[in-house]
Protein chains: 2
Amino acid sequence: MNNVHYICTVNLILEIMVSNKSIQEQRMKGYFIQATKDILKGEGLKGVSVRNIAQQAGYSYSTIYNYFKDVNDLVFVCISDFQKECESFVAEQTKEKPQGIDRLKATVVSYVNYFLEYPGIFDLFYLAKVGDFGHKAATIDLINGSLDAVCEKEWNYCASHGLVKVEEVERIKAQLRYTVIGMLLLYLNRRFPSSYSEFMSQLTMQINAILGNEEGTVKAVPDATQSSSLVQNSLISVNIR
Amino acid sequence: MNNVHYICTVNLILEIMVSNKSIQEQRMKGYFIQATKDILKGEGLKGVSVRNIAQQAGYSYSTIYNYFKDVNDLVFVCISDFQKECESFVAEQTKEKPQGIDRLKATVVSYVNYFLEYPGIFDLFYLAKVGDFGHKAATIDLINGSLDAVCEKEWNYCASHGLVKVEEVERIKAQLRYTVIGMLLLYLNRRFPSSYSEFMSQLTMQINAILGNEEGTVKAVPDATQSSSLVQNSLISVNIR
DNA sequence: TTATAATATGAACAATGTTCATTATATTTG
DNA sequence: CAAATATAATGAACATTGTTCATATTATAA
């Protein structure tokens, strides 16, 4: 009995210790993560350095290595946070649109807008070479399913309301994914097209070609009208040093 | 008269001197360019460093700065060479295909194959952040028109033989460009899809969706059959360190 | 052959990521 | 409460990066 009691007490104490340790550790990690996210949103990936992050967090550069294996580890952690933020961003921007193909289109445009506003996050998601993904497969999956996750609700709505052929959903999802990422890559990294308005015009044209011009049903690649850009974006930093 | 003679002689000598100087300068540049290209094809962009290039070329690292403004300048020069090489590569791989939509499709697949064989060149073309493009607009245009240039002959053939609607050519070109680059980005940089065969299957599916399943005419996004991969590729180095 | 111009070179600097012995702080023990 | 111990923060140090510049070497001129 006494033994059991002692064991329980010891376990409880250990648990509290571990818990406290964990809380403090998580707090410290949080400081560095927040600093990294701020830098990524501001200066972008090129501004991320161990000494930079540490200064922003108010610690010495070597302290980071007490909480993260290396700088890639730290940067990787930011990805899931940004994905969540991206989902909120899109939900906020599209909540007024009527459900269905219209909102699906607006969702894709809004997804693009998120990366136009934070080009550093696009770099992080799609361009960054991060060493040793071996253990980070989950993060890579998160990135690869990023657009699909953002659009999931709308796809479900469209499928359940017969607005799309279920057997075509996967192909169209893929088509959207590749087109959106290709366009963002060329625009943010290679200044093509050369103007924002031209980019948005191309974007809506491509989305209409993929999801159909008329609302309600997905038609197959009809003639795409160059509709005016759906969303305005004030701050595009093309992020080339 | 004598004056004129002297002037001409002097001019000639100067010209020869300049010419010689230029020849030697070009030769030196060539050594460094070749070294850089070899490294890019082998180790990829991550292997490119001033000291690495210099060693490969048999000179001291600082000698490079007598011939190039900086390392970006040197790397940039390689791009047009690779574009030419890519065009030859594609021409060689597709010469047996019947002209028209079939060869156009094969051309796009072959373009992809080039970058699968040399992922470092994909990095250079589309991912590299190269500082100060101000004066390099021509090179950027070369990259942005890379796929179009490779496909130009086939597009002309298809247009002049009524295999495509001329008013749709530009949109389809754009669709191909974004899709191909988006797919390459995800596959080479994010291991998606996870296998080569799955990637090639997706690629042919997307190309068929864009250019039509049946040969002869471009149909609008028909049901895409998962045809087997057209070209084999033995060496895919996904280039993540 | 000597004087001069051209060019190849490595030392030096700043900035990068990472490691590690040392200092400083917090906790446990006597 | 004081001393001993465990934990954590730190900057010095190293290797590697791109770039500059004074110097050494080589080629050309007189």
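These numbers were taken from a predicted model, which means no experiment stands behind them. Naming: A, B, ... by sequence-line order, numbering from 1 per chain.
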**Request:** Specify the separation, in whole Å, of atom CZ of B:F32 and atom P of D:dG18.
**Result:** 14 Å

**Prompt:** Between A:S62 and D:dG11, is there a side-chain N or O to OP1/OP2 distance below 4.0 Å?
**Reply:** no

**Message:** How many whole angstroms separate atom CG of A:L45 from atom P of C:dT16?
**Reply:** 14 Å

**Asked** Relative to each other, are the rings of A:Y59 and A:F32 parallel, tilted or perpendicular (30° and 60° limits)?
**Response** tilted

**Request:** Select one nucleotide: of D:dT19, C:dT9, D:dG11, the one nearest the side-chain heavy atoms of B:R51.
**Result:** D:dT19

**Request:** Could you check which of D:dA13, C:dA8, D:dA9 has an atom nearest any side-chain atom of B:Y67?
**Result:** C:dA8

**Asked** Is any side-chain N or O of A:N66 under 3.5 Å from a base N or O of D:dA8, one able to act as donor and the other as acceptor?
**Response** no

**Asked** Which part of the nucleic acid does B:F68 contact within heavy-atom distance under 4.0 Å: base, sugar-phosphate only, or nothing?
**Response** nothing

**Message:** If I take atom NZ in residue A:K29 and atom P in nucleotide D:dA8, what distance separates them, rounded to the nearest angstrom?
**Reply:** 13 Å

**Message:** Do B:E85 and B:F82 make a side-chain contact, defined as non-hydrogen atoms from C-beta onward lying under 4.5 Å apart?
**Reply:** yes

**Prompt:** Has B:Y59 got a side-chain N or O lying under 4.0 Å from the OP1 or OP2 atom of C:dA8?
**Reply:** no

**Prompt:** Nearest of D:dG11, D:dG18, D:dA9 to any side-chain atom of A:M28?
**Reply:** D:dA9

**Asked** Contact class for A:T63 (heavy atom, under 4.0 Å): base, sugar-phosphate, or nothing?
**Response** base

**Prompt:** Can B:K173 and B:E170 be counted as an ion pair, charged N to O under 4.0 angstrom?
**Reply:** yes

**Request:** Could you check how far OH of A:Y31 sits from C1' of D:dA9, rounded to whole Å?
**Result:** 15 Å

**Asked** Between the side-chain atoms of A:Y61 and the base atoms of D:dA12, is any donor-acceptor pair under 3.5 Å?
**Response** yes

**Asked** Just how far, in rounded Å, is P of C:dT16 from CD1 of A:I53?
**Response** 11 Å

**Request:** May I have the distance from A:N52 (atom CG) to C:dA14 (atom C1'), rounded to whole angstrom?
**Result:** 15 Å

**Fill in**
To the nearest angstrom, the OH-C1' distance between B:Y65 and D:dC21 comes to 13 Å

**Request:** Return the value, rounded to whole Å, for the distance between atom NZ of B:K69 and atom C1' of D:dT20.
**Result:** 14 Å

**Prompt:** Atom CG of A:N189 and atom CG of A:D123: how far apart are they, to the nearest 0.5 Å?
**Reply:** 6.5 Å

**Request:** Compute the ring centroids of B:Y118 and B:F122, then answer whether they are less than 6.0 Å apart.
**Result:** no

